[in-house]
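Notes follow the structure.
Basis for what follows: all heavy atoms, side chains included, without hydrogens, waters or symmetry-related copies. It should be emphasised that the depicted structure is a prediction, and the values quoted were computed from it without experimental measurement.
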Amino acid sequence: QVYLVESGGGVVQVGDSLRLSCTASGGTFDNYAVAWVRQAPGKEREFVSGISWNGGVTFYGPSVEGRFTISRDDAKNTVSLQMNSLNPEDTADYYCAAGTHLDYGFGYDFWGQGTQVTVSS
């Protein structure tokens with residue numbers, strides 16, 4: 001069992017940057033692909049970004065491509081999401097998820113509780 005805890009959310013202005021972190025406990029990220037998924041109020045879940053178990057492959061959703069960067073530091077048991085050029089459409093609860101395969105969707109075994117990001121105009 002892997003427990004995931006997200007951090008780094010907050011309220012920012014349009015154009016600002018924010019860095020989210022996902023830390024694993026009860027296990028390690030070593031053999032897991034990790035993804036970020038978000039859900040805005042009244043909207044469906046949206047895949048944001050994912051990274052393979054060794055960091056060799058990364059995926060990004062079309063709405064964040066070029067603005068967000070995912071990375072992992074297995075020594076710190078942490079996966080980060082650097083978010084730049086934020087806009088109001090990025091406002092959502094952001095969830096970290098881990099699984100045995102990198103899935104361009106929601107097929108992950110373990111999920112965190114989420115961290116809220118609000119981009120104010």
Side-chain angles (χ1 to χ4, degrees):
Q1 181 72 29
V2 177
Y3 298 94
L4 306 177
V5 178
E6 302 93 339
S7 61
V11 180
V12 295
Q13 301 292 314
V14 170
D16 283 352
S17 298
L18 206 57
R19 187 177 182 88
L20 304 183
S21 294
C22 175
T23 302
S25 63
T28 64
F29 272 141
D30 289 9
N31 297 317
Y32 290 103
V34 179
W36 287 93
V37 171
R38 69 186 181 186
Q39 187 163 24
K43 296 186 178 181
E44 296 184 351
R45 285 185 302 176
E46 177 187 6
F47 175 87
V48 175
S49 182
I51 188 166
S52 62
W53 70 274
N54 63 356
V57 178
T58 56
F59 289 160
Y60 295 95
S63 63
V64 307
E65 180 86 49
R67 299 187 298 123
F68 290 11
T69 303
I70 192 170
S71 62
R72 64 188 301 153
D73 185 342
D74 288 338
K76 296 182 179 180
N77 237 10
T78 299
V79 171
S80 298
L81 184 69
Q82 177 66 40
M83 306 187 297
N84 298 329
S85 302
L86 288 163
N87 59 62
E89 288 69 40
D90 296 315
T91 295
D93 291 325
Y94 284 71
Y95 298 90
C96 173
T100 55
H101 298 90
L102 181 58
D103 180 69
Y104 196 91
F106 316 117
Y108 294 90
D109 302 309
F110 308 106
W111 291 81
Q113 294 299 307
T115 186
Q116 191 172 57
V117 173
T118 302
V119 183
S120 174
S121 57

Note to self: Side chains of M83 and V48, heavy atoms from C-beta outward: is any pair under 4.5 Å?
What the structure shows: no
Margin query: Do L102 and I51 make a side-chain contact, defined as non-hydrogen atoms from C-beta onward lying under 4.5 Å apart?
Written below: no
Next item on the list: Sorted by first residue and then second, give each side chain to side chain donor-acceptor pair (under 3.5 Å) pair with at least one member in residues 101-121; sequence neighbours left out.
Entry: none
Notebook entry, point to check: Just wondering, more than 12 heavy atoms not from F106 lying within 6.0 Å of its CZ?
Noted result: yes
Cluster link [X] to [Y], ILVMFWY, side chain under 4.5 Å:
{"X": "Y32", "Y": "F59", "answer": "no"}
{"X": "V79", "Y": "V37", "answer": "no"}
{"X": "L86", "Y": "Y95", "answer": "no"}

Working to the nearest 0.5 Å, report the span between [atom1] of [X] and [atom2] of [Y].
{"X": "F47", "Y": "W36", "atom1": "CZ", "atom2": "CH2", "result": "12.5 Å"}
{"X": "L20", "Y": "T78", "atom1": "CG", "atom2": "OG1", "result": "12.5 Å"}
{"X": "L81", "Y": "Y94", "atom1": "CG", "atom2": "OH", "result": "7.5 Å"}
{"X": "D93", "Y": "R45", "atom1": "CG", "atom2": "CZ", "result": "13.0 Å"}

For [X], check side chain to side chain donor-acceptor pair (under 3.5 Å) against everything at least two apart and list the hits.
{"X": "T100", "result": "none"}
{"X": "Q39", "result": "none"}
{"X": "N54", "result": "S52"}
{"X": "D16", "result": "none"}

Which heavy atom of [X] sits nearest a heavy atom of [Y], and at what distance?
{"X": "V2", "Y": "A24", "result": "CG1-CB, 3.9 Å"}
{"X": "P88", "Y": "V14", "result": "CD-CG2, 3.6 Å"}
{"X": "Q82", "Y": "R19", "result": "OE1-NH1, 3.1 Å"}

Item checked: Distance-only side-chain donor-acceptor flag, N84 / S17, under 3.5 Å -> yes
Margin query: Assess, by modelled atom type and distance only, whether the side chains of S63 and E46 contain a donor and an acceptor separated by less than 3.5 Å.
Written below: yes
Look at the side chain of [X] and the backbone N and O of [Y], then say whether any donor-acceptor pair between them is shorter than 3.5 Å.
{"X": "E6", "Y": "G114", "result": "yes"}
{"X": "Y60", "Y": "I70", "result": "yes"}
{"X": "R72", "Y": "G55", "result": "no"}

Check: What disulfide bond (SG atoms under 2.5 Å apart) pairs are there with at least one residue in residues 2-42, not counting sequence neighbours?
Finding: C22-C96
